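First up is the structure itself, then whatever we jot down about it.
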Number of protein chains: 2
Amino acid sequence: MDRAAVEGGPHSVLPIGASGLDSPMAMPLYLQVKSHLIRRILVGEWKPGEVLPSEMKLAEGYGLSQGTVRKAIEELAVEGLVSRHPGRGTFVTSHKGDYRPFRFHLFYSDLGSRLVEVAPDYLSCSRSIASPRAAQALQIDLRAEVAEVLRVRRQDGAPVMTENIMISTELCPGIETILQDEKPASIYLALEQHYNLLIVRVDERIRARAASAEDARLLQLPTGTPLLEVERVAFSLGGEPVEWRLTVCETSHTHYLNQISG
Amino acid sequence: MDRAAVEGGPHSVLPIGASGLDSPMAMPLYLQVKSHLIRRILVGEWKPGEVLPSEMKLAEGYGLSQGTVRKAIEELAVEGLVSRHPGRGTFVTSHKGDYRPFRFHLFYSDLGSRLVEVAPDYLSCSRSIASPRAAQALQIDLRAEVAEVLRVRRQDGAPVMTENIMISTELCPGIETILQDEKPASIYLALEQHYNLLIVRVDERIRARAASAEDARLLQLPTGTPLLEVERVAFSLGGEPVEWRLTVCETSHTHYLNQISG
DNA sequence: CAGTGGTCTAGACCACATC
DNA sequence: ATGTGGTCTAGACCACTGA
């Protein structure tokens, strides 16, 4: 075998053995293939929803056996970057389609239905200055510009949750216009379609707090009511923080469900 | 190959092809092996911390190739039931040892340290009657007996978290005595060592609530203070609910961290 | 040193989807 | 009919562990 590199396409990124560092087993070949495939997805060679070449084609391209490429793809599938369908092929994950839509939304009504199943109301959507917490989380300048969205979710007509969202306009220029016009139910789908940014991980820090005057007004309840506060940072496939979000939820008929296994 | 079943030991459970249903690919062989290994662990053939036979030995025992058995074991490793160590062997997971101890405890101080790193104070430990919520979660009779524990955790000397724990005495006879005597930092380690019950999954429902008079007394703060309430049900390897736990935490210098990926 | 799990290959057959 | 991913085999070499 000649460890052929991937050549030819306009999207060719880096041949696997390009650095002189491919001494035997420095890093397993399947992990090198995995990294290389991630870079090719990142760079847009295959966009969300599109199909990858077959295992055999990729194996030929890399000059490796099918089994090695298969192991790389299997890890991508476990991590949710691609999904595999027998007889059809391997597809880049999209928030569109049937692949676990809204898999990052863990709020449930106490009766079991998911709170995300009703579209949110957009109260405002504008350019703004990042809050200190958002700026730190997004690793941007303390007074950098962001798109800011304020949304409310209802359950049986009553408002139960507010979402304050900030996205760097440097990373996503024009995002405030898109959100303003489309008012999407899934912001992550919008990021994916307009900026090729695939959200693959979110960190959520959860606290209890008393309702501020603003909370009380938006959620129509007394100031001081205990509320659940979830501060989220969403990261793209490339590991960049893309979105900061502060969700505040009234939990008398709602809860956050976390199932931890392994 | 003759698809030899596992014979001989006193712990032999079920040969893989025992039912007449091993028509080709009804269920993949590696999944059958996986299920069989889980049953053998459940039944105590190898206890937490002990080593499994090597892949080759298991493959010979089942009359399959090493690769098939490997795939079964790899899934067990991903699910956290076993851990693999090159050159040493495959071990049944234990909460003891270095395998992600306290991996179900997601409370952190705002400075980043884990709240579980200081041993809790045991305030009380007794036999009691299950609360309605606990009885429902543990799938036991509404007035069934449980062991009830009340613990408090401190941060820099100040109490920040109470834990109210109920465990069915039917499933774990004598557990109240063990907890009373040992006051273990990890209840799951105690369940594992005394009852061969391995906790592999917990469901947590999170809400905000106002401090009750009892909360206020235990945490030394005003009644009505917003607190984070986490209602946990812990499940054993066999899927039975084993423990119900209500954690109440003051979150002005503490948070619950959930990292969601895939 | 022998034994372990980790990687890699090259082949085979299967169920499934699409045309 | 063709091509896909899914399963399974049988061999090889490697790095690491522990006696």
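What you see is a predicted model; the values in this text were computed from it and never measured. Chain naming here is simple, since letters A, B, ... match the order of the sequence lines and numbering starts at 1 in each.
- The environment of A:Glu117 atom CD is dense: over 12 non-hydrogen atoms of other residues, nucleotides or ligands sit within 6.0 angstrom.
- The separation between A:Gln66 atom CD and C:dA12 atom C1' is 11 Å, rounded to whole Å.
- Side-chain contact check for A:Ser261 and B:Glu79: no donor-acceptor pair (N or O, by modelled atom type) lies under 3.5 Å.
- Under the 30°/60° scheme for interplanar angles, the aromatic rings of B:His105 and B:Tyr188 are found to be tilted.
- Using a 4.0 Å cut-off, no side-chain N or O of B:Ser54 falls inside it from OP1 or OP2 of C:dG3.
- At whole-Å resolution of the value, OH in B:Tyr30 and C1' in D:dT9 are 16 Å apart.
- Here the side chains of B:Asn258 and B:Ile260 are in contact, with some heavy-atom distance below 4.5 Å.
- Within the structure, salt bridge (charged side-chain N to carboxylate O under 4.0 Å, His left out) contacts touching residues 61-77 of chain A (residues at least two apart or in different chains) are A:Lys34-A:Glu75, A:Glu55-A:Arg70.
- Of the two residues near DNA chain C, A:Val69 and B:Ile73, the one whose nearest nucleotide lies more 5' is B:Ile73.
- The nearest whole Å value for the distance from the CG atom in A:Leu31 to the P atom in C:dC8 is 8 Å.
- Rounded to whole Å, the distance from CG on A:Leu58 to P on D:dT4 is 10 Å.
- Of the candidates D:dG5, C:dT7, C:dG6, C:dT7 carries the atom nearest the A:Pro28 side chain, counting heavy atoms from C-beta on.
- For B:Arg70 against C:dG5, no side-chain N or O and base N or O form a donor-acceptor pair under 3.5 Å.
- Rounded to an integer number of Å, the gap from B:Glu55 CD to D:dC8 P is 15 Å.
- For A:Thr90, taking side-chain heavy atoms from C-beta onward, the closest of the listed nucleotides D:dC8, D:dG5, C:dG5 is D:dG5.
- Residue B:Glu182 qualifies as enclosed at atom CD: its count of foreign heavy atoms under 6.0 Å is above 12.
- Each of D:dT7, C:dT9, C:dT4 was ranked by its minimum atom distance to the side chain of B:Lys57; first place goes to C:dT4.
- Rounded to a whole Å, the CG atom of B:Leu64 is 17 Å from the C1' atom of D:dG11.
- If you measure from atom CE of A:Met56 to atom P of D:dG3, you get 11 Å, rounded to the nearest angstrom.
- In this structure, A:Thr68 does not reach the C:dT7 phosphate: none of its side-chain N or O atoms is under 4.0 Å from OP1 or OP2.
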Are B:Phe107 and B:His255 close enough, and set up right, to give a ring pair (Phe, Tyr, Trp, His ring centres under 6.0 Å), and what steps lead you there? CA-CA 6 Å; B:Phe107 279 97; B:His255 60 271; 8.9 Å; no

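- The interatomic distance linking B:Lys71 (NZ) with C:dG5 (P) rounds to 18 Å, in whole Å.
- Nearest-nucleotide positions on DNA chain C for A:Gly67 and B:Arg84 put B:Arg84 closer to the 5' end.
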Please produce a list of atom pairs where a protein N or O lies less than 3.5 Å from an N or O of nucleotides 16-19 of chain C.
none

